[in-house]
A.B. asks: 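What follows is a structure written as structure tokens; I'll ask about it next.
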Amino acid sequence: MIAAPLADVATVVQFETALQMTQSEAFDFIHSDSLLASSLWTNVALAGVSILLFVYMGRNIEGTRAQLIWVATLLVPLVSLSSYLGLVSGLTVGFLEMPAGHALAGEGGVFSPWGRYLTWALSTPMILTALGLLAGTDRAKLFTAITMDVGMCVTGLAAALTTGSYLLRWVFYALSCAFFVAVLYVLLVEWPADAAAAGTAEIFNTLKTLTVVLWLGYPILWALGSEGFAVLGVGVTSWGYSGLDILAKYVFAFLLLRWVAANQNVVGRETGATEQPSSGTPADD
Ligand code: RET
């Protein structure tokens, strides 16, 4: 057996400790970086405050459609609180050795907050459900938006976790973008017309613009961040997602709930997805 040079042994040890980090070591890693830790704790706090505020704001909301919007909206900070607690505790983060071709290949384990991508598969469908119900859309379009969105999140997770091939990381990224295009189509083309018919065009268009602009920031950040081209460091990338989350989740949800609470007469009308099919006609809305 040929003895490995000392430097190599040190590198391997560095790799192994990074890749086999325990949760408490991951916890210590996160808390040794004040930028990273603050990006996560800020969202834990804001999600908690949002939950209390949204419960209060929805206390008098009546009618199936308005209540569905309220519950979907409330689930956004509820999922977010769980997500950020998972990240900050070290439970849903990992340290991945990047494949050859990646800017950080050979530099030890790269911090991967994979729990983010996983929980987006729960939170973003809630955002779309609330928006779809606000627009008074039908079940086919709601189903399309949600399934495409889940496809986007799961393939985004695959892009982050693929370490066997640098090319395949970007193939998953491209697939995720393709799903995203379908979501954007529903948001930008289908639902505005539905919202106009339902009398919710003004608020819908405000929230649609907010959503589209902010959501476009996520793939850009992924590409620039430590898991993509690594132009940005771990702490800055994490603050990028946290900042986008603050606007795309809490601010979005607050604006939506405030409008719904004040316009229950408009939202009270059953449309599209919440409409009961009248007897004798097929339920094909
Ligand atoms: C990824 C990388 C792969 C390509 C694309 C992405 C899009 C992510 C988006 C996330 C939105 C998240 C929100 C979370 C709120 O809880 C997965 C970053 C297209 C659009 C709004």
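Counting convention: from 1, in listed order, for ligands and their atoms alike.
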A.B. asks: Give the residue and atom name of whichever protein heavy atom lies nearest to atom 13 (C) of ligand 1, and the separation in Å to one decimal.
C.D. replies: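 The closest one turns out to be Thr124 CG2, 3.4 Å.
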A.B. asks: Could you check, using the six-membered ring where one of them is a Trp, whether Tyr117 and Trp114 have ring centers closer than 6.0 angstrom?
C.D. replies: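 No, they do not, as the ring centres are separated by 6.0 Å or more.
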A.B. asks: With a heavy-atom distance limit of 4.0 Å, tell me whether Trp215 approaches ligand 1 through its side chain, its backbone, both, or neither.
C.D. replies: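 Within the 4.0 Å criterion, Trp215 contacts ligand 1 through backbone and side-chain atoms alike.
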A.B. asks: Is there a side-chain contact between Ile61 and Leu257 in this structure, where contact means two heavy atoms from C-beta onward sitting under 4.5 Å apart?
C.D. replies: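 Side-chain contact under 4.5 Å: yes.
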A.B. asks: What protein heavy atom sits nearest atom 15 (C) of ligand 1, and how far away is it?
C.D. replies: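 Nearest neighbour among protein heavy atoms for atom 15 (C) of ligand 1, to 0.1 Å: Lys249 CD, 3.4 Å.
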A.B. asks: Please report which non-hydrogen protein atom sits nearest to atom 17 (C) of ligand 1, along with the residue it belongs to and the distance in Å to one decimal place.
C.D. replies: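 Nearest neighbour among protein heavy atoms for atom 17 (C) of ligand 1, to 0.1 Å: Gly156 CA, 3.7 Å.
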A.B. asks: Ignoring hydrogens, just give me the one of Trp222, Phe172, Phe179 whose non-hydrogen atom is nearest atom 2 (C) of ligand 1.
C.D. replies: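 The nearest heavy atom belongs to Trp222.
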A.B. asks: I want to check something: taking the side chain as every heavy atom from C-beta on, are Phe179 and Val183 in contact at a cut-off of under 4.5 Å?
C.D. replies: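 Result no, sub-4.5 Å side-chain heavy-atom pair not found.
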A.B. asks: Side chain to side chain donor-acceptor pair (under 3.5 Å) between Trp170 and Tyr166: does it pass, once the steps are laid out?
C.D. replies: CA-CA 7 Å; Trp170 288 107; Tyr166 184 57; 3.2 Å; yes
A.B. asks: Tell me whether ligand 1 is touched by Trp120 - counting only heavy atoms on the residue side and a distance under 4.0 Å.
C.D. replies: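 It does, in that a heavy atom of Trp120 comes within the 4.0 Å cut-off of ligand 1.
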A.B. asks: Could you check whether any side-chain heavy atom of Ile127 comes within less than 4.5 Å of a side-chain heavy atom of Trp215, counting everything from C-beta outward?
C.D. replies: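 Yes - at least one pair of side-chain heavy atoms lies under 4.5 Å apart.
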A.B. asks: By number and element, which atoms of ligand 1 are closer than 4.0 Å to a non-hydrogen atom of Ser123?
C.D. replies: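 Near Ser123, meaning under 4.0 Å from one of its heavy atoms, ligand 1 has 15 (C), 16 (O).
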A.B. asks: With ring centroids as reference points, do Phe95 and Phe29 lie under 6.0 angstrom apart?
C.D. replies: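 Phe95 vs Phe29: aromatic centres under 6.0 Å.
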A.B. asks: Any idea which protein heavy atom is nearest atom 8 (C) of ligand 1, and the distance to it?
C.D. replies: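 Its nearest protein heavy-atom neighbour is Tyr218 CB, 3.6 Å.
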A.B. asks: Can you tell me which residue and heavy atom of the protein come closest to atom 7 (C) of ligand 1, and the distance to 0.1 Å?
C.D. replies: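 The closest heavy atom on the protein side is Pro219 CD, 3.8 Å.
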A.B. asks: To the nearest 0.1 Å, how far is atom 3 (C) of ligand 1 from its closest protein heavy atom, and which atom is that?
C.D. replies: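 Result: Ser176 OG, 3.3 Å.
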A.B. asks: Does Tyr241 reach the side chain of Ser39, with side-chain heavy atoms less than 4.5 Å apart?
C.D. replies: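 No; the side chains remain at least 4.5 Å from each other.
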